[in-house]
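Remember, it's 1-based here, ligands and their atoms both numbered in the order they're listed. Hydrogens, waters and symmetry mates are skipped; everything else that's a heavy atom, side chains included, is used.
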Amino acid sequence: MISRVLIANRGEIALRILRACQELDLDTVVVYSEADAGAIYRRFADASICIGPGPAASSYLDIPRIIAAAEVSDIDAIHPGYGFLAENPHFAEICENSKITFIGPPSKAIRAVGDKVNARALAREAGVPIVPGSDGLVEDENQAAEVAQALGYPVLLKAAAGGGGRGMRVAHNRPSLKTLFAQAREEARAAFKDGGLYVEKCLERPRHVEFQVLADTQGAMVHLFERDCSIQRRHQKLIEEAPSPALTPALRQRMGEAALRIARRAGYVNAGTVEFLLDRAGEFYFIEMNARLQVEHPVTEMATGVDIVQQQLRIAMGKPLGFTQEEVALRGWTMECRITAEDPAQNFRPAPGRIATFFAPGGPGVRFDSHVHAGYVIPPFYDSMIGKLIVHRDTREAAIQCMGKALRELVIEGENLRTTIPLYRDIFAHSKFVGGEVDTHFIDDYFLRAG
Ligand code: ADP
């Protein structure tokens, strides 16, 4: 059983997990760095514990400090949130060996899907199409060039240990491949201490469609349908929606089944996401599986009524899922905007600062997952996300209208602070977006021309 949970994260996701724990009557302990000493959610938790200075390497990423915090606070489980240690198999293993329940998949499953080359092999074994590419890692730039020649340019160089778009480069021809290969390898080494690269054919204007999976310890597994995350900048998601405007019921069923086959093959337990690209011909290809709670999980929560974080906790306690695939349905239309402290007018330069004026939108079907408030100072050490605005309405048209209104109501202002709110207001007024005719190049096509 679990009675006291350590939340090894910060910001909006720490608060999100805190809420789910409290709904299940669990005691909560949150960790915080010196830069987050003023975090408002500290007062909502049963206890909070400082784990070091601002830089994440000395606090949220420091395994000995997190484990020490767990020991002194007498918890029986750790929720890692997303980012930081969430997909670190070594950390999950330490928890397993210390008799601390890791609220997430087993370390073995994290390892199996965390290596993207291995995940591609798993997908192939599960009979799921993968993006054409190298058979495993490529040794050097010459081997990458051979693969690229056979696939045809453009190709993507990707880091096997990748995530967050790091260690990824698009090569359009042989001459540029050389420089890009060195760049990708260097970036992968710096970010993941692993310079392993592989090559994928670069699909032309795909959509990103991912499936949320839940699996209990008794072997039951369901998917909670898809999220369309095609609105991206630099391969990073900005807007997510469910359902995907691009799926037919038959395609949805095939993709959902494919996601489950991969998760089964990986020995998956708890919440995870299987990501696909969908090409213009309606063919889908597996790209990776994320072994954690996703930033965009609220989209699925609003669309299906399933509380994913509560489910994660229940699964970690060994409880059965309690519902079947047939009992899950997508209702209405849900959309989410990731609001960050970046200046879209200055090529998304991080622009943190102090929030002087703050107002959160509300009304039926509006959810704002955030830890910020007037007077809050956004620390410079972490990602620049300040909140997620989610709306749920009966139709896509109504959801777009509702989001437009909520974006007009959302006020987050301060002297040096800039946010992506104005960009989202423009996107939600854009005819192509409103028409659902988008792909992963939408932002480049319509919003970055000058930059
Ligand atoms: P990361 O784990 O670093 O986020 P992913 O493999 O999940 O990387 O890819 C992120 C995004 O990059 C995708 O959503 C898509 O927009 C783009 N992308 C990835 N692979 C391909 C590909 N083979 N062809 C075209 N775009 C791709």
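Applying the 4.0 Å criterion to heavy atoms of C202 picks out, from ligand 1, the atoms 24 (N), 25 (C). Taking every heavy atom of E275 and a limit of under 4.0 angstrom, the matching atoms of ligand 1 come to 7 (O). Each of the atoms 16 (O) of ligand 1 lies under 4.0 Å from some heavy atom of T440. Counting atoms of ligand 1 from 1 in the listed order, those under 4.0 Å from a heavy atom of H208 are 13 (C), 14 (O). Each of the following atoms of ligand 1 lies closer than 4.0 Å to a heavy atom of V131: 23 (N). If you number the atoms of ligand 1 from 1 as listed, the ones under 4.0 Å from a heavy atom of E200 come out as 20 (N), 21 (C), 22 (C), 23 (N).
Nearest protein heavy-atom neighbour of atom 3 (O) of ligand 1: G165 N, 2.6 Å. Taking atom 19 (C) of ligand 1 as the reference point, the nearest protein heavy-atom neighbour is K158 NZ, 3.4 Å. Atom 18 (N) of ligand 1 has its closest protein heavy atom at L156 CD1, 3.7 Å. Nearest protein heavy-atom neighbour of atom 24 (N) of ligand 1: L203 N, 2.9 Å.
Compare E288, H235, E210, M168 by their heavy atoms: the one nearest to atom 9 (O) of ligand 1 is in M168. Proximity annotation for atom 15 (C) of ligand 1: of Q232, R166, R234, Q232 comes nearest, heavy atoms only.
R292 and Q294 share a donor-acceptor pair across their side chains, judged by distance under 3.5 Å alone. A side-chain donor from one of Q253 and E257 sits under 3.5 Å from a side-chain acceptor of the other. Between T334 and H392, the side chains place a donor N or O and an acceptor N or O closer than 3.5 Å (distance only, hydrogens not considered).
Between K405 and E409 there is a side-chain heavy-atom pair separated by less than 4.5 Å. Annotation: side chain of F181 is not in contact with side chain of R169 (no heavy-atom distance under 4.5 Å).
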Might you work through the side-chain contact (heavy atoms from CB on, under 4.5 Å) test for I427 and I443, ending with a clear yes or no? CA-CA 9 Å; I427 295 174; I443 296 291; 3.6 Å; yes
Go through D36 and R10 one step at a time and tell me if the salt bridge (charged side-chain N to carboxylate O under 4.0 Å, His left out) criterion holds. CA-CA 8 Å; D36 284 330; R10 63 175 302 281; 2.7 Å; yes
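Judged purely by atom type and a 3.5 angstrom limit, Y32 has no side-chain atom pairing as donor or acceptor with the backbone of A35.
Each of E301, E226, R227 was checked for a side-chain hydrogen bond (donor to acceptor under 3.5 Å, both in side chains) with Q212, and the lone residue meeting it is R227.
Of the polar atoms of L277, none of the N or O atoms is found under 3.5 Å from an N or O of ligand 1, judged by distance alone. No N or O atom of I287 sits closer than 3.5 Å to an N or O atom of ligand 1.
The proximity of K237 to ligand 1, defined as any non-hydrogen pair under 4.0 Å, does not occur for either the backbone or the side chain.
Under a 4.0 Å N-O distance rule, the pair R338/E240 qualifies as a salt bridge.
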